Amino acid sequence: MAAWRLSLCARSLSAIRGLQTNHLRWKSSSSRAVIARSSVKRKEQREPTEGWMEDPDPKDENVYLKNSNFHGYDDDPVIDFWNMQVVFFFGFSIVLVFGTTFMAYIPDYGMVQWARQEAEMLVKHREASGLPIMESNRFDPRKIQLPEDD
Amino acid sequence: MLKIIIPSLMLLPLTWLSSNKNVWINVTAHSFLINTLAMATLWQMNETGMGLSQTFYIDPLSSSLIMLVIWLLPLMLLASQNHIKKETDYNKKLYISMLIILQTLLIPTFSANELMLFYILFEATLIPTLVIITRWGNQTERLSAGLYFLFYTLVGSIPLLIALISINSSLGSLNTLLLTLSNYMLNQSWSNHILWLACMMAFMIKMPLYGVHLWLPKAHVEAPIAGSMILAAILLKLGGYGMMRLSVILDPLTKSMAYPFIMLSLWGMIMTSSICLRQTDLKSLIAYSSVSHMALVIAAIMIQTPWSFMGASALMIAHGLTSSLLFCLANTNYERIHSRTMIMARGLQTAFPLMALFWFLGSLTNLALPPSINLIGELLISISLFSWSNFTILLVGTNILITALYSLYMLITTQRGTLTPHMINLQPSHTRELTLMMLHITPLSLLMINPKFIMGNTL
């Protein structure tokens, strides 16, 4: 930064003193300020203006020019239209609509409600008979055969 | 079950015998019809699942994954229709056949009753995927990507084969239902440790676990869109599904053997999320985000609690749909600008407002925004991990934060801001692309309302 400012000052000063061989780019009318070209020799390097990656691919064409109702499926407009209709009909109207209805009306998924009703019945029955609600043994201890201690 | 497998297999003659102009219409329509048939598997009547025959068994865990597989085939066909246009008709039909073969192999994989049948089909799915990646990928790196994908998985699977044969000979059967009733206790011994590793490593590599995840960014990035979709949505979940099935015979050794893998998953998910923040390649970002989400699933399956299994199943389905959606969105970008770099096309919301809606919804579900099913999965996993060890909340919380960061980074870089001035040839969104996104978002949104179907078999 400082070097640039110094070179700028040097260039302006030498330009004012008429020591610059290259022309001035700008000369102020109100002061002695000038802008001169850089005296450093630099190879003229301009990047090529074609062949950037961001440039549109010449093989890409605007599909909407040939078929303004292009749906993205096929270049033939009839096939394109049919494909769009088929996807919408089978995909949305049949699978999503019927499938969602099916899944919404599945009775008692995983038998959760049945399990709750059964438990309530058992609790009611047990409390009426005076038994404890649940035994602490899941399995009958007389039926478990333990191996001998080896 | 045959009513799903035979029609899927019959899609192959349909492809080859259809006239060239009707191929896509026929196959797409019939694959949607197979979906309606397969919905019946979602009617799970009890906690033991549907024992359909001696070879096929669908429980609530399998049913959601099978539905995802079958739902994904028409979506893959929709996504590929544009980039395959330039190939010969023979190649188009070959590509469609690869996708159909993959689906036909994946359906029995998720419903296999025997672990050996599951293993054979698990390996068989590698072949069509390898063909899709190496033949129809776009860059020259696809060859190395295919090699990484194949050999990483094979290195884990050969020990799995040996372990399954050994368990078969000691137990007499590898039937998943019988194994739940068997009394096979793995005691602490060196050979049992190696048996545990042999069983689990194949699925860890598939998930992928953080240390062995290198195949995933390569394979996902180099694959064509259908390959990326099926990889991200289904093939990763094969690992999770396999781990859940095998965990019944690997008790009680899992309690001690799981530690290094839980550690790797928890650390790995933060690392891969952080890598996402530094990605310039859009597909690579989504690939690493898959690693991060699946690391949560691995950690959940390792701790083996009912809530963590629910969370793992929910997250697998949710991530399948979300990741596939994000890959499709990235592909719409790629087809227009022929580059995967994110900063090449910014401010796309101005050019494609409806697609920006899907970018927005996809990014929001990716960062597990309530009330999406991604959140249900992540929340259940976080809670169960916290109850397993209090310290994990720090790691999981950091991951949720970084996930939000990179999802929003991806959204803001591609959608917000000013449109890049050099992009002058962006065609408007095709109906096909918008339909594809809608078909991803609709199940995601509907499952939000009724998530009991994806909660797995511990619901």
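What you see is a predicted model, and the numbers here were worked out from it, not measured in a lab. A note on names: the letters A, B, ... follow the listed sequences, proteins ahead of strands, and every chain is numbered from 1.
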Proximity breakdown for [X] and chain A, heavy-atom pairs closer than 4.5 Å:
| X | value |
| --- | --- |
| Met39(B) | both |
| Glu433(B) | neither |
| Ser429(B) | backbone |
| Thr435(B) | both |
| Leu446(B) | side chain |

Practice task
Using the six-membered ring wherever Trp is involved, compare the ring planes of Tyr109(A) and Phe453(B) and label them parallel, tilted or perpendicular (cut-offs 30° and 60°).
Solution key: perpendicular
Practice task
Would you check if the side chain of Gln427(B) reaches a backbone N or O of Glu61(A) as a donor-acceptor pair within less than 3.5 Å?
Solution key: yes
Exercise for the section: Please check if the side chain of Ser339(B) supplies one atom and the backbone of Thr341(B) the other of a donor-acceptor pair under 3.5 Å. Expected result: yes
Handout entry: Enclosure of Leu131(A) CG (heavy-atom neighbours >12, cutoff 6.0 Å)
Key = yes
Practice task
Check the surroundings of atom CE in Met45(B): do more than 12 heavy atoms from other residues, nucleotides or ligands lie under 6.0 Å from it?
Solution key: yes
Heavy-atom distance under 4.5 Å to chain B: side chain of [X], backbone, both or neither?
| X | answer |
| --- | --- |
| Phe89(A) | neither |
| Asp74(A) | neither |
| Ile94(A) | both |
| Leu96(A) | side chain |
| Met103(A) | both |
| Phe102(A) | side chain |
| Val63(A) | both |
| Tyr64(A) | side chain |

Looking only at heavy atoms, which two atoms of [X] and [Y] are closest? And how far apart?
| X | Y | answer |
| --- | --- | --- |
| Val23(B) | Thr15(B) | CG2-O, 3.8 Å |
| Gln103(B) | Ser8(B) | NE2-OG, 3.3 Å |
| Asp80(A) | Gly72(A) | OD1-N, 3.5 Å |
| Ser18(B) | Asn26(B) | OG-ND2, 2.9 Å |

Practice task
Considering only NZ, NE, NH1 and NH2 on the basic side and carboxylate oxygens on the acidic side, decide whether Asp281(B) and Lys283(B) come within less than 4.0 Å.
Solution key: no
Handout entry: Residue among Thr28(B), Asn450(B), Leu426(B), Thr442(B) with most heavy-atom pairs under 4.5 Å to chain A
Key = Thr442(B)
Practice task
Would you sort out whether Glu120(A) and Lys124(A) count as a side chain to side chain contact (heavy atoms under 4.5 Å, CB included), showing the intermediate values?
Solution key: CA-CA 6 Å; Glu120(A) 283 167 4; Lys124(A) 200 170 86 170; over 6 Å; no
Practice task
List the steps and the verdict of side chain to side chain contact (heavy atoms under 4.5 Å, CB included) for Phe90(A) and Asn35(B).
Solution key: CA-CA 10 Å; Phe90(A) 287 104; Asn35(B) 266 297; over 6 Å; no
Practice task
Would you please test Arg432(B) and Met84(A) for side chain to side chain contact (heavy atoms under 4.5 Å, CB included) and show each step?
Solution key: CA-CA 7 Å; Arg432(B) 174 186 61 87; Met84(A) 181 265 299; over 6 Å; no
Handout entry: For chain A, which residues of residues 77-92 of chain B have heavy atoms nearer than 4.5 angstrom
Key = Leu78(B), Gln81(B), Lys85(B)
